[in-house]
Amino acid sequence: MATGLNAEQHSAVKTLNGPLLVLAGAGTGKTRVITFRIAELIQSGITPSRILALTFTNKAAKEMRERAMKLLGKRPRNILPPEISTFHSLCVRILRRHITRLGYPKEFVIYDRGDQEALARNALRDIRVGQEKLRPSDLINKISGWKTLSVSPSKAVDVSTDDKDQLAAAAYVRYQAALKSSGALDFDDLLMLTEELFEKFPEVRFAESSRHDHVLIDEYQDTNGLQYRIVKHLAQAHGNLCVVGDDDQSIYGWRGAEVTHILNFARHWPKAKVVRLQQNYRSKAAILELANTLIVNNKSRHDKQLFAEREGGAAPRFIRFDDETKEAEEVVRDVRDQLTPSSDRPRVVPSDIAILFRTNEQPRVFELELRRAKIPYVIVGGLSFFDRKEVRDIMAYLRVIANPKDELSLLRVLNTPPRGIGTGSIETLLEHAVEKGVPLWTVLGASLTHPDIGHHTGERIVQFQNLMLSFQSQLGKGSLADLAKELLSSVNYKAELERTYKTATEIESRTASLEELVNSLAQYEQQAENPSLLGFLEEASLTSKDDYKDEDENKKKNALTLMTLHSAKGLEFPHVYLVGVEEGIMPHRRSLLEGTVEEERRLCYVGVTRAQDHLTISFCKERMKWGKARACIPSRFIMEMRGDNEKAERVAQAALEQFTKEKHEEEERKAPKKVSKKASSKAKKPASPAVKKKA
DNA sequence: CCCTGCGCTTTTTTT
DNA sequence: AAGCGCAGGG
């Protein structure tokens with residue numbers, strides 16, 4: 001079975017029992033080892049379904065599933081396959097079985113990042129401490145951090161000492177209350193409640209941990225505290241836990257991932273066997289050398305040195321451009337050159353090429369150029385299908401139909417498209433609902449008799465509710481795709497699009513995404529064993545959006561890839577363009593101020609080690625920011641890769657100086673307001689960080 | 001209640 | 001540059 005493996009890989013694959021830590025450097029055949037190991041376990045007589053393999057993305061899970069199946073060949077249909085899924089999907093399955101014990105409904109919905117933003121925005125409304133305020137995204141990160149530590153809202157209020165934390169804690173209380181009353185869970189809840197179940201109910205822990213005899217985890221360096229504890233529960237009984245990862249590729253520290261989990265694995269599992277994979281099969285020596293030179297600048301890491309199996313290779317290019325437009329133009333021109341058939345080198349197709357960047361705003365310019373050059377491309381992540389306004393609208397309708405308690409969605413669709421239900425009436429209803437302590441949905445009917453709501457408006461609200469009710473009664477009867485189509489026509493959404501958007505192309509593209517939504521419903525119904533609206537919604541929020549709408553798989557197969565470094569982890573391409581390698585972007589300015597440059601360096605390392613044959617690193621002299629051109633400093637990582645540490649040091653100094661100065665300027669800009677406001681306001685703000693709420 | 005337009009803020013990565 | 005909130009006219 002295990003053929004073509006080197007000695008280290010062989011050892012990892014053949015160690016079937018007990019704890020096993022595989023420290024696998026970039027490009028050392030990590031995925032191969034996991035899949036071979038799964039196959040080996042099955043060969044040795046383990047029932048496939050008793051194996052649980054966990055990944056961080058659906059894409060990785062899907063790929064692993066396919067590879068394992070291929071390795072195993074045809075299996076009788078009545079034998080269940082190994083369970084290969086993401087942490088989050090696993091938790092959803094566990095919760096669906098036991099969550100009622102925690103007082104949550106079995107039919108919970110999952111709120112994604114967009115919903116979280118909306119909730120956070122609401123929760124922060126009217127909350128401030130003096131002049132301090134919090135951005136929704138910061139609140140979300142903060143809450144996520146608390147949840148990772150299993151800190152409840154009330155506990156957060158207790159433990160918060162500084163102003164910002166107190167403020168966040170107050171918002172956390174509201175945020176969590178809103179989630180609960182909507183019958184919704186966010187991503188962190190999925191993990192947190194699973195742990196709670198395991199802690200509170202030994203029988204649940206027993207039942208769930210008895211389902212498997214072997215647990216494997218990919219990208220272990222990115223596990224956070226919750227995931228770590230869940231895994232511990234799952235593997236405690238049998239101890240057959242195999243984790244695979246690379247501390248140099250830990251790039252999710254901001255999400256609570258702790259490298260210590262992988263660094264201390266041998267301590268937590270004293271019997272653990274440790275295997276190191278250090279032979280890199282992916283990159284040409286010239287590229288790997290660059291990566292090695294870069295990463296040794298990190299102080300906290302397992303000391304290791306990767307060896308290139310593929311000698312030589314073209315020297316990586318470092319190119320400077322005038323600005324981001326030039327960068328996109330020239331990179332795309334270079335891509336086109338590469339794609340042009342030539343007799344003196346092997347053929348290159350778009351799917352051999354990836355353009356990698358740090359932030360999600362960077363691809364815009366590249367998209368434009370690629371379209372102009374007629375090169376097929378896919379953008380991974382970023383503004384995805386499910387983030388488009390029209391799709392979110394319709395999804396909100398579907399959610400209200402599936403779960404009328406979902407207040408966020410209800411508020412979104414109540415007057416979308418405009419149907420004469422104004423903010424005034426909605427406020428009144430909300431107050432009424434809060435008074436009675438029931439969901440907003442329940443009081444909709446009362447709007448006809450409510451003194452503060454006009455008769456006309458009341459009628460329209462009831463009409464809306466009846467429409468939703470009629471769709472609810474259709475659930476389980478006909479096809480979901482048909483229901484969605486009917487929904488679109490009965491709320492006249494297309495007319496709304498035509499009214500809102502001016503250009504024909506925009507209307508067309510928005511209409512197209514609605515069609516796509518209907519198609520994905522149809523597709524879901526076809527492939528799901530037991531299709532339900534709730535099931536579709538669950539899949540839509542959990543599945544990383546890109547592999548979700550695989551409508552034209554073929555087109556995708558031949559497309560160039562645009563993606564962030566975070567999304568690129570685990571992938572490889574013959575040609576890689578790493579763009580925007582400048583101080584402030586990579587390392588990101590925020591990391592400089594927060595002292596997390598080492599993680600940025602690992603990010604850069606991940607980028608460099610994605611390349612198999614050709615690597616191009618580029619940076620700009622200046623870049624547009626908020627409509628203004630700003631000078632850019634080439635990243636210290638570039639100097640480090642070239643071995644000029646002195647210059648890197650100077651650059652680091654200069655960048656830190658510049659960004660701290662900017663930060664000060666920003667604060668200055670805000671300060672005068674503070675003074676004038678204080679002067680003009682009648683009552684002075686409380687000195688203690690008391691949370692002010694408007695009634 | 002709906003729409004438009006003005007001014008103000010925006011600064012990361014993702015399941 | 002772009003999205004959001006808010007004020008003011010229909």
Side-chain angles (χ1 to χ4, degrees), chain A residues 54-61 85-92 110-114 116-118 121 125 133 135-138 140-141 144 147-148 185-191 219 222-224 226-227 250-257 324 356-362 364-365 380-384 387 389 415-426 453-454 456-457 460 499-500 541-546 563-569 580 584-594 596 599-600 602-603 606-607 623-630 659 662-663 666 669-670 673:
Chain A
L54 295 173
T55 61
F56 279 77
T57 64
N58 280 286
K59 205 167 161 190
S85 81
T86 62
F87 266 99
H88 288 83
S89 303
L90 172 79
C91 290
V92 168
I110 300 161
Y111 273 8
D112 66 14
R113 175 68 197 214
Q116 283 183 282
E117 294 245 349
R121 213 179 297 275
R125 193 156 290 165
K133 54 176 188 170
R135 267 190 295 269
S137 62
D138 286 338
I140 294 169
N141 284 342
S144 174
K147 289 189 176 179
T148 305
L185 305 183
D186 69 10
F187 290 125
D188 298 303
D189 285 342
L190 298 176
L191 303 175
E219 310 284 9
D222 289 324
T223 31
N224 67 26
L226 272 171
Q227 290 163 328
S250 163
I251 54 177
Y252 283 96
W254 51 274
R255 204 169 80 181
E324 79 274 16
L356 308 181
F357 36 83
R358 174 67 176 85
T359 69
N360 275 317
E361 56 160 11
Q362 287 171 266
R364 299 176 103 114
V365 233
V380 177
L383 244 205
S384 80
D387 291 328
K389 185 188 173 303
N415 198 34
T416 310
R419 53 170 72 87
I421 305 173
T423 42
S425 311
I426 293 175
I453 295 173
H456 218 57
T457 311
R460 284 187 279 229
R499 194 181 62 85
T500 325
S541 42
L542 277 184
T543 312
S544 75
K545 341 262 169 161
D546 318 286
M563 64 182 157
T564 63
L565 292 163
H566 283 88
S567 317
K569 198 178 62 167
I585 293 186
M586 209 165 102
H588 194 273
R589 51 184 304 145
R590 226 160 145 165
S591 74
L592 301 187
L593 303 169
E594 288 169 10
T596 51
E599 182 153 308
E600 299 287 307
R602 292 194 289 269
L603 208 42
V606 166
R623 184 176 288 273
M624 290 290 266
K625 187 148 211 190
W626 304 330
K628 267 193 213 150
R630 284 163 160 260
F659 294 137
E662 277 174 21
K663 203 182 164 193
E666 200 180 304
R669 230 186 40 231
K670 280 179 190 164
K673 256 197 238 157

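Keep in mind that the numbers below use all heavy atoms, side chains included, and drop hydrogens, waters and symmetry copies. Here is the naming used below: chain letters follow the sequence lines, and residue numbers restart at 1 for every chain.
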Would you classify R419(A) as touching base, sugar-phosphate or nothing, given that sugar-phosphate means primed atoms plus P, OP1 and OP2, and contacts are heavy atoms under 4.0 Å?
sugar-phosphate
Candidate nucleotides dT15(B), dT12(B), dT14(B), ranked by approach to the side chain of H588(A) - the nearest
dT12(B)
Taking the side chain of R113(A) as heavy atoms from C-beta outward, which of dT15(B), dC1(B), dT12(B) is closest to it?
dT15(B)
Select base, sugar-phosphate, or nothing to describe what S567(A) touches, counting heavy atoms under 4.0 Å on all strands.
sugar-phosphate
Could you check how far CD of E599(A) sits from P of dT12(B), rounded to whole Å?
15 Å
Distance in angstrom units between R623(A) CZ and dT11(B) P, rounded
17 Å
Measure the distance from CG on D112(A) to C1' on dT14(B) and round it to the nearest whole Å.
11 Å
Select base, sugar-phosphate, or nothing to describe what I421(A) touches, counting heavy atoms under 4.0 Å on all strands.
sugar-phosphate
Look at the side-chain N and O atoms of S541(A) and state whether any lies under 4.0 Å from the OP1 or OP2 oxygen of dT15(B).
no
Which nucleotide in the list dT15(B), dT13(B), dC3(B) gets nearest to the side chain of P418(A)?
dC3(B)
Closest nucleotide among dT13(B), dT15(B), dA2(C) to the T86(A) side chain:
dT15(B)
Between P on dT15(B) and CG on L226(A), what's the gap in Å once rounded to a whole number?
17 Å
Closest of dT14(B), dT13(B), dT10(B) to the R135(A) side chain is dT10(B)
Is it true that E662(A) and R630(A) have a side-chain N and a carboxylate O under 4.0 angstrom from each other?
yes
Would you kindly give the CZ-to-P distance between R255(A) and dT15(B), to the nearest whole Å?
7 Å
Ignoring the backbone of R590(A), work out which of dT13(B), dA2(C), dT11(B) is nearest its side chain.
dT11(B)
Considering every strand and a 4.0 Å limit on heavy-atom distances, what is the contact class for S425(A): base, sugar-phosphate, or nothing?
sugar-phosphate
Measuring to OP1 and OP2 of dT15(B), would you say a side-chain N or O of N224(A) lies under 4.0 angstrom away?
no
Residue whose closest nucleotide on DNA chain B lies nearer the 5' end, G424(A) versus E600(A)
G424(A)
Centroid distance below 5.5 Å plus an interplanar angle below 30 degrees: do W254(A) and dT13(B) meet both conditions?
yes
Is a donor on one side and an acceptor on the other found under 3.5 Å between the side chain of N415(A) and the backbone of I421(A)?
yes
Nearest to the side chain of K625(A), which nucleotide is it out of dC3(B), dT11(B), dG5(C)?
dT11(B)
Would you please confirm or rule out a distance under 4.0 Å between OP1 or OP2 of dT14(B) and any side-chain N or O of T564(A)?
yes
Considering every strand and a 4.0 Å limit on heavy-atom distances, what is the contact class for D188(A): base, sugar-phosphate, or nothing?
nothing
Reckon E219(A) touches a base, only the sugar-phosphate, or nothing at all at heavy-atom distances under 4.0 Å?
nothing
To the side chain of R121(A), which of dC1(B), dG5(C), dT12(B) is closest?
dG5(C)
By the 4.0 Å heavy-atom rule, please label F87(A) as base, sugar-phosphate, or nothing.
nothing
Less than 4.0 angstrom from a charged side-chain N to a carboxylate O is my criterion; do D138(A) and R121(A) meet it?
no
N360(A) side-chain proximity, nearest of dT13(B), dT11(B), dT15(B)
dT13(B)
Start with the C-alpha gap between R255(A) and D222(A), add the side-chain angles, then the distance that decides, and say whether salt bridge (charged side-chain N to carboxylate O under 4.0 Å, His left out) holds.
CA-CA 9 Å; R255(A) 204 169 80 181; D222(A) 289 324; over 6 Å; no
Could you tell me the separation between the CG atom of L226(A) and the CZ atom of F87(A), rounded to the nearest 0.5 Å?
10.0 Å
Quick one: label G454(A) by what it contacts on the DNA or RNA (base, sugar-phosphate, nothing), any heavy atom closer than 4.0 Å.
nothing
What's F187(A) touching, base or sugar-phosphate or nothing? Going by heavy atoms closer than 4.0 Å.
base
Residues R358(A) and E600(A): closest non-hydrogen pair is NH2-OE2, 2.9 Å
